[in-house]
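Notes follow the structure.
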2 protein chains.
Amino acid sequence: MGMFSKTCEYALRAVFLIAHRTADGGRVGIKDIAASIDSPEYFLAKILQDLSKREIVQSVKGPNGGFYMDSKNLSRPLADVVEAVDGNSIFTGCALGMPECSSNKPCPLHNNFMNVRNQLQQMLTSVSIGQFNEELNLGITHLKR
Amino acid sequence: MGMFSKTCEYALRAVFLIAHRTADGGRVGIKDIAASIDSPEYFLAKILQDLSKREIVQSVKGPNGGFYMDSKNLSRPLADVVEAVDGNSIFTGCALGMPECSSNKPCPLHNNFMNVRNQLQQMLTSVSIGQFNEELNLGITHLKR
DNA sequence: ATAAATAAAGATAAAAATATCTTTTATTAT
DNA sequence: ATAATAAAAGATATTTTTATCTTTATTTAT
């Protein structure tokens, strides 16, 4: 198990891909996305349905339809995607899973773990979905394999 | 979902509890542990069986039996517990779940995420199972609720 | 030696996450 | 208007994780 759920991993790769592929207009279809990020097509379809409802990506049906993102969505922090899919427990939850852990009634790891969580959150909020297009274009970074 | 699996959360709470309760000799039984950390007894039993095989905790059967830890185990870094239960993918895996992600062929988040993972690993290796006994004694930190 | 206590091991069950398939709805092009 | 296309929605299946129950093996005390 990684830090995020598999659903979230696919979601992140997908938004990067959509951002990259539709930067200058146009749409990209689910089959194309799934192949480009090496994810199971039908499962990804469900994920994107959800991201679409939550207005993190946009879509149109029919011929030449597909998914895309407007500039507002491109500038969203990655944290929005993670939170939409996995919820915010990764940012706020107790490392030991204790429901009432807080600075008042902390678990042994409370303070140590807070630093880690904060750095993760800081990283994910300071980075936008669209900011990696350039290096994806240049083939410096990748979204499959 | 938190950062660790539920199994790992219970495991961490359990080793803290065992360390705390058996610091000056003696053993603590599974029923007692489960009640003390608010975890499902039978499930925790399986987890401790595994930690026992991996020699992270020790156990003896029979009357007055139970779980305990020797001083070598008390000084183990928490990272050993996490790795025993969840594997090391949380320390080494790609944020986007890409199997071949590396500095040679990075995902977009590779470098940003490396910092977070490293801080997590650093934290978990710099902290030992036994080092929280004092504050558990004082009732400053807690292991249930 | 025997009985009682306790963890280990094995088997089964329930819930959640992941994955797939089918039908419906919206859009576009003809 | 009609047919083709593509996502949305609904239904089902599979796998993994989490949880429980039963039986066995080991240890201790009597």
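In what follows, chains are A, B, ... by sequence order, proteins preceding strands, each numbered from 1.
Following rounding to the nearest Å, B/Glu55 (CD) and C/dA8 (P) show an atom-to-atom distance of 13 Å. Spacing between atom CD1 of B/Ile30 and atom P of C/dA9 amounts to 14 Å, rounded to whole angstrom units. Nucleotide C/dA17 holds its C1' atom 11 Å from the CG atom of A/Asp86, rounded to whole Å. Taking atom CD on B/Glu9 and atom P on D/dA19, their separation rounds to 10 Å, with Å as the unit.
The nearest heavy atom of DNA chain C to B/Ser59 and to A/Ser5 marks one nucleotide each, and the one closer to the 5' end goes with B/Ser59.
A salt bridge links A/Asp50 with A/Arg54; the closest basic N to acidic carboxylate O contact falls under 4.0 Å. Checked for salt-bridge contact, B/Asp32 and B/Arg21 meet the test: a charged N lies under 4.0 Å from a carboxylate O.
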- Message: Before you tell me yes or no, could you show the steps for A/Ser36 and A/Leu143 under side-chain contact (heavy atoms from CB on, under 4.5 Å), namely the whole-Å CA-CA distance, both residues' side-chain angles and the distance that decides it to 0.1 Å?
- Response: CA-CA 7 Å; A/Ser36 302; A/Leu143 290 172; over 6 Å; no
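Under a 3.5 Å cut-off, the side chain of B/Gln131 and the backbone N or O of B/Ser128 do form a donor-acceptor pair. Between the A/Arg145 side chain and the B/Met98 main chain, no donor and acceptor come within less than 3.5 Å of each other.
Within residues 31-52 of chain A, the residues that place at least one heavy atom under 4.0 Å from DNA chain D are, in residue-number order, A/Lys46, A/Gln49, A/Ser52.
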Would you tabulate the nitrogen or oxygen pairs shorter than 3.5 Å linking the protein to nucleotides 27-30 of chain D?
| unit_1 | atom_1 | unit_2 | atom_2 | d |
| --- | --- | --- | --- | --- |
| D/dA29 | OP1 | B/Asn64 | ND2 | 3.4 |

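Taking CZ of B/Arg27 as the reference point, atom CZ of B/Phe67 lies at 11.5 Å (rounded to 0.5 Å).
In terms of phosphate contacts, A/Thr7 brings no side-chain nitrogen or oxygen within less than 4.0 Å of OP1 or OP2 of C/dA17.
Linking ILVMFWY side-chain heavy atoms closer than 4.5 Å, directly or via other members, places B/Val60 and B/Ile56 in two distinct hydrophobic clusters.
Annotation: side chain of A/Cys107 is not in contact with side chain of A/Phe113 (no heavy-atom distance under 4.5 Å).
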